[in-house]
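Any value given below was found using the heavy atoms of this structure, including those in side chains, with hydrogens, waters and symmetry copies removed. Proteins get letters first, then strands, A, B, ... in listed order; numbering begins at 1 in each.
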Amino acid sequence: MAKELTSRAQDYSQWYNDLVIKGELADYSAVRGCMVIKPYGYALWENMRDVLDRMFKETGHQNAYFPLFVPKSLFEAEEKNAEGFAKECAVVTHYRLIADPNNKGKLMVDPEAKLEEELIVRPTSEAIIWNTYKTWIQSYRDLPILVNQWANVVRWEMRTRLFLRTAEFLWQEGHTAHATAQEAIAETKQMLNVYADFVENWMAVPVIKGIKSVNERFAGAEDTYCIEALMQDGKALQAGTSHFLGQNFAKAFDVKFSDQNNKQEYVWATSWGVSTRLIGGLVMTHSDDEGLVLPPRIAPIQVVIVPIFKGEEQKAILDEKVAELVKSFKAAGIRVKYDNSDHARPGWKFAEYELKGVPIRIAIGARDLENKQVELARRDTKEKLAVAMEGLTETVEALLVEIQSNLFERARKYRDEHITKADSWDHFLKILDTEGGFVSAHWDGTAETEDKIKELAKATIRCIPLDNPLEQGKCILTGNASTQRVLFARAY
RNA sequence: CGGGAAGUAGCGCAGUCCGGUAGCGUACCUGGUUUGGGACCAGGUGGUCGCAGGUUCGAAUCCUGUCUUCCCGACCA
C-alpha cells in the first residue's frame, strides 16, 4: 500500500486532510494558513469557475477587476463592514526592503519607506468597488451595474483548514448597483438561485436556501441569503451567500443617482460570493474511505481507461483500439484520460484513480478485445460491469448522467434523514451530540437567545428556510412564543 | 490567541532519555522477470536531522529563540 488513508470512522478531520493531500487537490505551503492548489485541484476549480462564469453572464453580468489593496480610509468608510472584518486584516505598511547592515545577506524593512496611509489587503471588495462606482453612476440610465470579479482575498484566520478556511482563498464576488430596493432584492434572490442551481446540479450537493439571522448576517448587509449544505459528519457548511446591502454602501461612499424626475437618490446594492471552500464541501459530501468521489459534471477526468497487456505487442494493439475510443469520447465532449504508462501495474492504477475520484474507469485487455467488451467500474457504487464495445460512448454518456444523479440523490437522502425536529432542550442537545445534522426548532427571534444557544449547544442558526411554513410554537430555550422553526446545526 | 502533539531522504517512521558524525519501510534510478485489484529479484541514488543562535573537542541528541503543521478550545462576515 503506497498511500494509506485514514477512515472516516477513525478520524474524520484526518480523513479529510488525507483526501485533499493524497488526492492531490492541494498541499500545505511555507506560508501560514495558505495552501498550494495543485494542478488536479485547480482543474476542478476551473471547471467550477467556468460553469459559474457562464451562469453569471447568462444573467447579465460582466467581469471586471479591482485592486488587491484598499486604502484604510476607504476600508473604514462603511462602519459595520469595517468592524466585522477589522480583526482579520493583513495590512501593508511599507513599500521597500533594504540590506540589513547588522545581518549580512538579510533584508529588513526600510523604516524610511513607511506608507503615508496603510493599505488593507482586501478581505472583500465592497469598499474599493463602491468608491469606484461613485464615479460610474450619475443617472438612473447608468443603472443597474452588474459586475463580478474573480479574485483572491485574505482573511487572517486563527485556525485554518485546507479549502474550508484558509488565510488566502480564491472566490468570485458579484457587486451590483440598482435604482430600487425591489430590483436589488430580486438580484440578491436571483443569485442565490444561481448558486443553488450550480451547487445542486453540477456539484451534486443538496442545499437549503434560506436567510441568515441578524447575528449571522454579513457585516454591512440588510439581509444575507445563503445556501447551507450538510457534511457526512453531521456538520453544516455555508456554501454560498448573497447579500442585500440596502443603501449602506451608497451612503458610506456617497453614491447617488438622478432618477427620472431629476431627484437625487442613493443607489441600492447587492454582493454575492462563493469560494474555493466549495471544494471542501464537495469532498466532505461525496467521498468515501477509498478516496475522493467527484461528480461527473465537474470532474477533471470523467473517464480513465486502463489497458491490461502482456508485452509490447499487446500494448500496441490496445493503444490502437483505445485511440478510437478516446476519439469517440472526446467527440462526445467526455473528458477522458488513457493511462498506458508502463511504470504502474493495473491494480496500482485502479487504486490511484479511485483515490482521485474519477467517476468511471474502463479496463481493457486482450480478453476484452476478443469478447468485444470492456470492464467498466463506477466510482460511486464500486460496481463493475461488463459492457459491450459497441455503443460504448453512449453507454458511458448515460452512465455519467446516472452517476451524477445518484450522487445527488444519495447526498439528499442523507441530508433529509438528518433534519430532525426538536421540541425540548434535552432532545435538541441529544440530536446535536449524536446524529448531528440540522435541527429544526422554534426560536423566539432574539439575538440574545441565539447567542445563549450558541454558547450552550455550540450550534448556530444556519438559516431560516425560504419556504418555511409558519407554525405556532415555543422557543426551544426560553419557551417564549415563536411563529416558525429555524434550522440549527454545528457548522464549519 | 490558550492547551496538547509533531517537524529526521518525495512519503511514513526509528534514533533524542544517556552527545561520538544517521537508519528502516516505501517511493525513485538501472537491469531482468512481470502485468485482469496497490508485483518480484538483484544492484544503486538520495538527508548540512524545520530554521537561527548557544554549550561542547564533538550536537539529530543538551539549552534558548523562532517558523510551520496537526488535534482540542476561543474566533470565524
Side-chain angles (χ1 to χ4, degrees), chain A residues 1-6 10-18 20-22 24 27-35 78 80-89 103 105-106 122-127 153 155-162 164-167 169 171 173 212-221 224 226 237-238 241-243 245 271-273 275 277 290-291 306-312 314-315 318 340-355 361-371 373-377 382 384 386 454-455 458 460 491-492:
Chain A
M1 285 292 225
K3 292 182 178 174
E4 291 238 16
L5 297 177
T6 307
Q10 261 168 8
D11 184 342
Y12 192 85
S13 295
Q14 191 58 48
W15 165 79
Y16 173 79
N17 288 331
D18 278 3
V20 170
I21 291 170
K22 292 175 181 166
E24 297 190 306
D27 211 342
Y28 296 112
S29 74
V31 189
R32 161 185 252 165
C34 297
M35 65 177 171
E78 207 296 322
K80 280 185 180 160
N81 185 251
E83 196 188 313
F85 284 105
K87 58 187 175 298
E88 54 190 45
C89 286
N103 214 340
K106 304 289 183 187
R122 62 180 169 214
T124 181
S125 302
E126 276 80 2
V153 288
R155 296 178 187 181
W156 213 262
E157 301 286 355
M158 284 304 161
R159 193 176 158 194
T160 56
R161 300 197 61 190
L162 294 166
L164 296 171
R165 180 168 293 114
T166 46
F169 56 91
W171 76 345
E173 47 182 327
K212 287 288 188 189
S213 64
V214 177
N215 278 10
E216 299 284 324
R217 187 182 284 166
F218 177 76
T224 288
C226 62
L237 181 81
Q238 177 177 298
T241 47
S242 184
H243 315 291
L245 302 175
S271 70
W272 27 275
S275 71
R277 186 181 217 208
E290 270 71 53
V306 176
I308 293 154
F309 55 87
K310 294 177 181 157
E312 284 299 316
Q314 277 195 7
K315 179 166 180 277
L318 284 167
N340 65 346
S341 58
D342 201 13
H343 59 260
R345 299 168 81 245
W348 192 91
K349 292 176 186 172
F350 292 173
E352 180 66 13
Y353 291 107
E354 274 163 21
L355 171 59
R361 180 186 72 235
I362 292 173
I364 178 166
R367 191 206 294 166
D368 300 298
L369 288 183
E370 225 169 273
N371 299 332
Q373 63 175 40
V374 298
E375 180 193 83
L376 194 151
K382 312 267 325 247
K384 286 188 200 174
K454 185 176 177 183
E455 188 191 324
K458 300 188 192 310
T460 49
Y492 278 98

*Asks:* Within less than 4.0 Å of OP1 or OP2 of rC71(B), is there a side-chain N or O belonging to N17(A)?
*Replies:* yes
*Asks:* Partner lookup for rU16(B), please. Criteria are Watson-Crick or G-U wobble with both distances under 3.5 angstrom; report none if nothing qualifies.
*Replies:* none
*Asks:* Say we look at rA60(B) and rU35(B): how far apart would their C1' atoms be, to the nearest angstrom?
*Replies:* 42 Å
*Asks:* Considering residues at least two apart in sequence or located in another chain, which fulfil the side chain to side chain contact (heavy atoms under 4.5 Å, CB included) criterion with A221(A)?
*Replies:* R217(A), F218(A), T224(A), H243(A), L245(A)
*Asks:* Please give the nucleotide sitting opposite rU55(B) as a Watson-Crick or G-U wobble pair, both distances under 3.5 Å, or none.
*Replies:* none
*Asks:* Do E216(A) and Q238(A) make a side-chain contact, defined as non-hydrogen atoms from C-beta onward lying under 4.5 Å apart?
*Replies:* no
*Asks:* For rG36(B) versus rU68(B), give the span between their C1' atoms, rounded off to a whole number of Å.
*Replies:* 44 Å
*Asks:* Over how many whole Å does the gap from H343(A) atom NE2 to rC28(B) atom P extend?
*Replies:* 7 Å
*Asks:* When rounded to the nearest Å, what value does the distance between P atoms of rG58(B) and rG54(B) take?
*Replies:* 12 Å
*Asks:* What integer distance in Å separates D18(A):CG from rC70(B):C1'?
*Replies:* 11 Å
*Asks:* If I pick the P atom on rC62(B) and the same atom on rC18(B), what distance separates them, to the nearest angstrom?
*Replies:* 9 Å
*Asks:* Rounded off to whole Å, could you give me the CG-to-C1' distance for the L376(A) and rG36(B) pair?
*Replies:* 15 Å
*Asks:* Taking atom C1' of rC70(B) as reference, at what distance in whole Å does atom CG of D27(A) sit?
*Replies:* 14 Å
*Asks:* Without decimals, in angstroms, what is the distance between R161(A) CZ and rC70(B) C1'?
*Replies:* 10 Å
*Asks:* Give a yes or no answer on whether the side chain of E352(A) reaches the backbone of W348(A) with a donor-acceptor pair at less than 3.5 Å.
*Replies:* no
*Asks:* Restricting to side chain to side chain contact (heavy atoms under 4.5 Å, CB included), what partner residues turn up for A363(A), sequence neighbours left out?
*Replies:* I308(A), F350(A), E375(A)
*Asks:* Output all residues satisfying side chain to side chain contact (heavy atoms under 4.5 Å, CB included) with N215(A), sequence neighbours left out; order by chain, then residue number.
*Replies:* S213(A), A447(A), E450(A), D451(A)
*Asks:* Between rG12(B) atom C1' and K22(A) atom NZ, what is the distance in whole Å?
*Replies:* 8 Å
*Asks:* What pairs with Y492(A) under side chain to side chain contact (heavy atoms under 4.5 Å, CB included), at least two apart in sequence or on another chain?
*Replies:* Y12(A), R161(A), L164(A), M231(A), D233(A), K235(A), L237(A), R277(A), M284(A)
*Asks:* Can you tell me if W171(A) has over 12 outside heavy atoms packed within less than 6.0 Å of its CH2?
*Replies:* yes
*Asks:* CZ of F309(A) to CG of D342(A): how many Å apart, nearest 0.5 Å?
*Replies:* 4.5 Å
*Asks:* Closer to the 5' end of RNA chain B via nearest nucleotide, is it A366(A) or F218(A)?
*Replies:* A366(A)
*Asks:* May I ask you to check whether over 12 heavy atoms, not counting those of K80(A), lie within 6.0 Å of atom NZ?
*Replies:* no
*Asks:* Any side-chain N or O of R367(A) less than 4.0 Å from the OP1 or OP2 oxygen of rG36(B)?
*Replies:* no
*Asks:* Which of these nucleotides, rG38(B), rC70(B), rG36(B), is closest to any side-chain atom of Y28(A)?
*Replies:* rC70(B)
*Asks:* Considering Watson-Crick and G-U wobble pairs with both distances under 3.5 Å, what does rU21(B) pair with?
*Replies:* none
*Asks:* Please write out each protein N/O paired with an N/O of nucleotides 33-35 of chain B under 3.5 Å, distance rounded to 0.1 Å.
*Replies:*
residue : atom : partner : partner atom : Å
rU35(B) : O4'  : R345(A) : NH2          : 3.3
rU35(B) : O2'  : F309(A) : O            : 3.3

*Asks:* Would you kindly give the CG-to-C1' distance between L5(A) and rC11(B), to the nearest whole Å?
*Replies:* 13 Å
*Asks:* Could you give me the CA-CA distance, side-chain angles and deciding distance for E88(A) and M158(A), then say whether side-chain contact (heavy atoms from CB on, under 4.5 Å) is met?
*Replies:* CA-CA 9 Å; E88(A) 54 190 45; M158(A) 284 304 161; over 6 Å; no
*Asks:* Round to the nearest Å and state the distance from L162(A) atom CG to rC71(B) atom C1'.
*Replies:* 14 Å
*Asks:* Could you work out the separation of rA22(B) and rA59(B) based on their P atoms and round it to a whole Å?
*Replies:* 12 Å
*Asks:* By the 4.0 Å heavy-atom rule, please label T241(A) as base, sugar-phosphate, or nothing.
*Replies:* nothing
*Asks:* Find the partner of rC1(B): check Watson-Crick (N1-N3 plus N6-O4 or O6-N4) and G-U wobble (N1-O2, O6-N3) distances, both under 3.5 Å, and reply none if neither fits.
*Replies:* rG73(B)
*Asks:* Determine whether a donor-acceptor pair (one donor, one acceptor, N or O, separation below 3.5 Å) exists between the side chain of E354(A) and the base of rG37(B).
*Replies:* yes
*Asks:* Extract from the structure each pairing of a protein N or O with an N or O of nucleotides 73-76 of chain B at less than 3.5 Å, listing the distance.
*Replies:*
residue : atom : partner : partner atom : Å
rA74(B) : OP1  : K458(A) : NZ           : 3.0
rC76(B) : O2   : R165(A) : NE           : 2.7
rC76(B) : O2   : R165(A) : NH1          : 2.8
rC76(B) : O2   : R165(A) : NH2          : 2.2

*Asks:* If you look at every strand shown and take non-hydrogen atoms under 4.0 Å, does V31(A) touch a base, only sugar-phosphate, or nothing?
*Replies:* sugar-phosphate
*Asks:* For rA9(B), give the paired nucleotide (Watson-Crick: N1-N3 plus N6-O4 or O6-N4; G-U: N1-O2 and O6-N3; both under 3.5 Å), or none.
*Replies:* none
*Asks:* If the P atom of rU55(B) is compared with that of rU61(B), how far apart are they to the nearest Å?
*Replies:* 15 Å
*Asks:* Applying a 4.0 Å non-hydrogen cut-off, can you work out what G273(A) is touching in the nucleic acid: base, sugar-phosphate, or nothing?
*Replies:* nothing
*Asks:* Given M35(A) and V20(A), is the side-chain contact (heavy atoms from CB on, under 4.5 Å) satisfied, shown in steps?
*Replies:* CA-CA 11 Å; M35(A) 65 177 171; V20(A) 170; 5.9 Å; no
*Asks:* For the residue pair T160(A) and G33(A), what are the closest heavy atoms and their distance?
*Replies:* OG1-CA, 3.5 Å
*Asks:* Could you check which nucleotide pairs with rA42(B) in any of the strands shown, counting Watson-Crick or G-U wobble with both distances under 3.5 Å?
*Replies:* rU30(B)
*Asks:* When rounded to the nearest Å, what value does the distance between C1' atoms of rG12(B) and rC28(B) take?
*Replies:* 15 Å
*Asks:* How far does the C1' atom of rC67(B) sit from the matching atom of rA27(B), given to the nearest Å?
*Replies:* 28 Å
*Asks:* Using a 4.0 Å heavy-atom cut-off across all strands, classify Q238(A) as base, sugar-phosphate, or nothing.
*Replies:* base
